[in-house]
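Note sheet for the following structure.
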Amino acid sequence: MSSDTAIFDGLTPPQRDAVDHFEGPLLVLAGPGSGKTRVITRRIARLVERGVHPRNILAITFTNKAAREMQERVDTLLPSSRVWVSTFHRFCASLLRRRAHLIGLESNFAIFDKSDQLQIVKQVLGDLSLDEVRISPAKIAARMSRIKNDLVDPESFKRSMDEHVGEPFDMVVSQVYPRYQEALLQSNAVDFDDLLLHMVRLLGDNPDLREEFDQRFKFVLVDEYQDTNAAQYAIVRMLAVNQPNLCVTGDPDQSIYGWRGAHIDNILNFERDFPAAKLIRLEHNFRSTKQILASADRLIGHNRLRKAKSLITDNEEGCPVRLLRAPTSHQEAEGIARIIQRTCEQGDGRPSDFAIFYRVNSMSRELELALTRHRVAFQVAAGAAFYDRSEIKDLLAYLRLIENPSDALAFARIVNKPARGLGAATINRLQKWAALQGLSLFEAARQIVNTKNVRKTKIKKSKASRSKPVDDEDELAEDENLDADLSFDPSEFAAEPTADEIAQKISAAAKFKLKIFVNLIEGFSLASAGSVSGLLKTIVDKTFYSKHYLSGQTEQDFERRANVAELISAAAQYDEVAGDERTLSGFLETTSLVSDTDTVDPQAGKVTLMTLHAAKGLEFPTVFIVGLEHGLIPHERAIKSDDPKQLEEERRLLFVGMTRAMKVLYLTTAQVRDERGTPRSTISSSFLRECDFESLELTATGLVSRVDEPHEATDRLAELKKRLAQAPNRPMLTTGAALLNGSQEAAELPQCFAVGMQVRHPRYGVGTVVDVNGFAKRRTVTVQFADERTESFSVAHCPLQPIGMR
DNA sequence: ACAGATTAGTTTTTT
DNA sequence: ACTAATCTGT
């Protein structure tokens with residue numbers, strides 16, 4: 001049979017063993033570039049060939065992109081078979097939808113993203129009047145995420161806090177956590193972590209259901225097993241009790257998600273969990289040159305908490321790993337762009353052959369600018385950022401509310417967007433009323449429009465007769481609320497305005513506007529629009545959204561229009577793929593579960609920029625890893641933590657980055673790097689002492705010259721600071737001259753100010769410029785006004801009007 | 001009620 | 001530096 005040869009074609013003996021393994025647990029320890037994906041896909045094909053029904057196979061990956069790729073490969077091997085390939089999160093989402101009632105939700109539950117979570121945390125903090133304690137909502141959210149990933153529910157967390165009084169921060173978290181969960185429930189929503197957590201609970205509480213799933217997913221394959229957290233581990237274990245045909249693949253040396261709760265022990269202890277497990281090692285590397293692999297191998301060898309493993313390759317020797325030293329981060333970026341540009345010009349490569357990795361997202365900007373200057377096409381792996389745009393969030397909020405009217409955040413976001421006269425006051429009252437009636441905001445709005453307002457005279461009368469006592473009671477109640485706990489006491493409630501009174505406070509006009517809004521939303525449906533993209537168009541149309549937000553002529557408006565168009569085309573794509581099975585939930589799921597890597601397109605013919613984390617699983621002929629500096633790689637937080645485990649994870653992160661390179665690998669450093677806008681002298685990364693490379697200098701002229709021995713950082717910082725200090729003294733009046741000089745900073749400025757210039761400010765009046773500082777967007781101007789007061793403004797935004805020289 | 005100006009807080013990595 | 005929240009004037 002031809003499929004027979006195809007399945008085992010070109011495999012090494014260990015790969016063949018893994019592909020041919022049938023029943024029972026299997027652990028594949030696969031080094032970088034060892035053809036792991038290939039093995040998984042072929043094993044799936046082999047299983048089907050053996051007669052296993054595709055329906056009984058489940059393959060789980062960590063990113064959608066990996067899932068999509070694997071799906072494609074499986075489809076090529078097994079046309080028309082329907083093997084389920086998914087991420088943990090998507091897998092859980094779709095199973096939960098069908099049994100949402102078992103966990104107290106409805107099947108149209110929303111998936112809240114990070115900003116939604118933050119919104120709720122803030123709200124809860126407000127309710128607890130904890131605001132003043134200056135607690136970062138983001139930190140609370142992060143802590144809750146960790147707790148949830150470790151499978152700790154609000155009750156047990158609170159109990160553990162009560163038992164041995166934890167840190168003050170955790171005490172706050174224990175207060176917020178249950179209320180946060182409650183708020184999600186009220187909105188008929190879950191967050192990312194809940195998808196896993198609810199699944200664990202579902203399987204744990206319903207033995208019959210667990211057994212059904214165990215039976216259904218007879219063969220489970222989990223990729224990147226070293227990155228599973230406690231929740232994911234629990235799910236996998238529960239699917240492999242009666243049918244322990246579990247195949248996990250991974251590499252402990254590539255475990256880089258410890259910070260979000262991943263347990264490297266899950267893979268290290270697999271053989272303990274499943275004593276019958278077969279172990280196969282894939283150590284043969286098909287990706288990198290000998291030099292690259294040797295350097296990476298030496299680096300990772302410095303990790304103490306590690307099972308030794310060899311990396312072998314038959315590939316060519318290649319050239320040494322190169323370390324590029326640049327004076328500044330600007331020149332570092334410039335040099336990289338120049339190398340790429342020149343290589344492409346000489347016909348020695350195409351932009352798609354190159355990737356640039358960095359530790360933190362904020363480092364992409366400088367690289368983007370440099371590549372733009374050199375007219376090199378690039379793509380940044382930041383797909384999730386698209387859905388953070390406010391216009392996109394607005395439109396998605398419409399979809400969310402249409403699909404799930406309980407979604408309080410979606411309601412709040414769009415009820416007055418575009419402005420329809422429903423301001424804070426009305427919404428506040430509506431919120432109170434909804435809470436009293438136990439209704440969602442939307443349902444409350446729907447009902448309140450039917451309550452009749454009593455005539456004005458009557459209100460006045462009743463107000464007059466009761467105003468004083470009521471007000472007093474109000475104040476009392478409020479005072480009590482300040483220090484009293486938040487337990488709801490019905491007797492306290494009596495002092496609060498009743499639902500009817502609140503309903504009265506909402507004016508007839510406001511009710512009318514609410515009614516229009518309710519009718520508007522109820523007029524929308526996927527059924528009537530036919531498709532998600534059609535529905536989006538209808539929404540934009542009927543709400544006059546574009547008239548209000550998309551009709552300007554500025555760069556921003558242009559971008560917004562493009563974004564909306566892109567959203568609609570994304571919806572159209574979904575419509576096509578999903579066909580008759582399209583649902584709003586389905587589309588919203590695709591938008592909320594995207595990851596940054598999902599958007600990188602290897603076919604795009606562009607240089608790819610991404611974080612080291614995002615790089616896992618990919619490969620490129622030439623790789624640049626920028627910022628090999630102390631505090632960046634390894635990151636400062638890992639250093640500060642003083643935890644060897646965290647430092648080892650940083651080392652693994654660099655290892656992952658290095659092993660993405662096939663032919664050429666550059667590591668780069670800058671002696672001075674801008675940090676929070678100010679230039680700082682850097683110290684080279686300690687990891688550099690742990691790998692082999694050849695050191696090169698990136699000079700100001702952009703030429704790469706050999707350096708005999710690596711030299712320590714010279715004091716370029718002082719030099720730079722001196723230059724910066726001198727700069728403002730140069731009068732910046734003449735834009736033309738600046739242009740001739742080629743001085744870009746000056747040319748980019750929207751306005752030019754010089755010391756001694758007379759300016760007018762709409763609020764402060766006429767004044768004299770006494771100082772100018774900073775460059776480009778950070779440029780500020782200090783003005784002394786007639787009344788002796790001096791104010792500093794950002795040049796880019798201030799409403800200052802030059803009116804001449806003194 | 002809203003738009004524009006100003007200020008405050010925040011960034012490691014992400015499903 | 002970049003956004004979200006707040007302030008302020010219309």
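Order of the sequence lines fixes the chain letters, A, B, ..., with proteins taken first and strands second; residue numbering starts at 1 for each chain.
Salt-bridge check for E224(A) with K36(A): passed, with a basic side-chain N closer than 4.0 Å to an acidic carboxylate O. Ion pairing between D674(A) and R365(A) fails under the 4.0 Å rule for side-chain N and carboxylate O.
Computed from coordinates, the L632(A) CG to dT13(B) P distance equals 11 Å when rounded to whole Å. Atoms CD1 (I111(A)) and C1' (dT14(B)) sit 15 Å apart, rounded to a whole Å. For the pair L653(A) CG and dT13(B) P, the interatomic distance rounds to 11 Å; values are reported in whole Å. A straight line from CD1 of I633(A) to C1' of dT13(B) spans 11 Å, rounded to a whole angstrom. dT13(B) atom P lies 8 Å from atom NZ of K114(A), rounded to whole Å. Between the CG atom of L118(A) and the P atom of dT3(C) there is a distance of 16 Å, rounded to whole Å. One interatomic measurement links the two molecules: CG of N361(A) to P of dT11(B), which rounds to 13 Å at whole-angstrom precision. Separating the CZ atom of R413(A) from the C1' atom of dA4(C) is a distance of 11 Å, rounded to the nearest angstrom.
Residues E629(A) and T669(A) bring no donor and acceptor atom of their side chains to less than 3.5 Å of each other.
When each of dA5(C), dT13(B), dT15(B) is scored by its nearest atom to the side-chain atoms of R260(A), the top-ranked nucleotide is dT15(B). Picking from dA5(C), dT11(B), dT15(B) the nucleotide with the shortest atom distance to the side chain of S362(A) gives dT11(B). When each of dA5(C), dC2(C), dT14(B) is scored by its nearest atom to the side-chain atoms of R365(A), the top-ranked nucleotide is dC2(C). Side chain of S136(A), nearest nucleotide from dA5(C), dT10(B), dT14(B): dT10(B). Closest contact between the side chain of N416(A) and the listed nucleotides dT15(B), dC2(B), dT13(B) involves dC2(B). Nearest to the side chain of K122(A), among dT14(B), dA5(C), dT11(B), sits dA5(C).
In this structure, F88(A) does not pack face-to-face on the six-membered ring of dT15(B), missing the 5.5 Å centre cutoff or the 30° plane limit.
Between D193(A) and P137(A), the residue anchored closer to the 5' end of DNA chain B is P137(A), taking for each the nucleotide with the nearest heavy atom.
Contacts of A638(A) with the nucleic acid, taken as non-hydrogen atoms under 4.0 Å apart, are absent.
Among residues two or more places apart in sequence or in another chain, the side-chain contact (heavy atoms from CB on, under 4.5 Å) test is passed with W259(A) by Y257(A), H613(A), E649(A).
Listed for the R660(A) side chain is a donor-acceptor partner under 3.5 Å among the backbone atoms of V656(A).
The shortest distance between the side-chain N/O atoms of T63(A) and the OP1/OP2 oxygens of dT14(B) is not below 4.0 Å.
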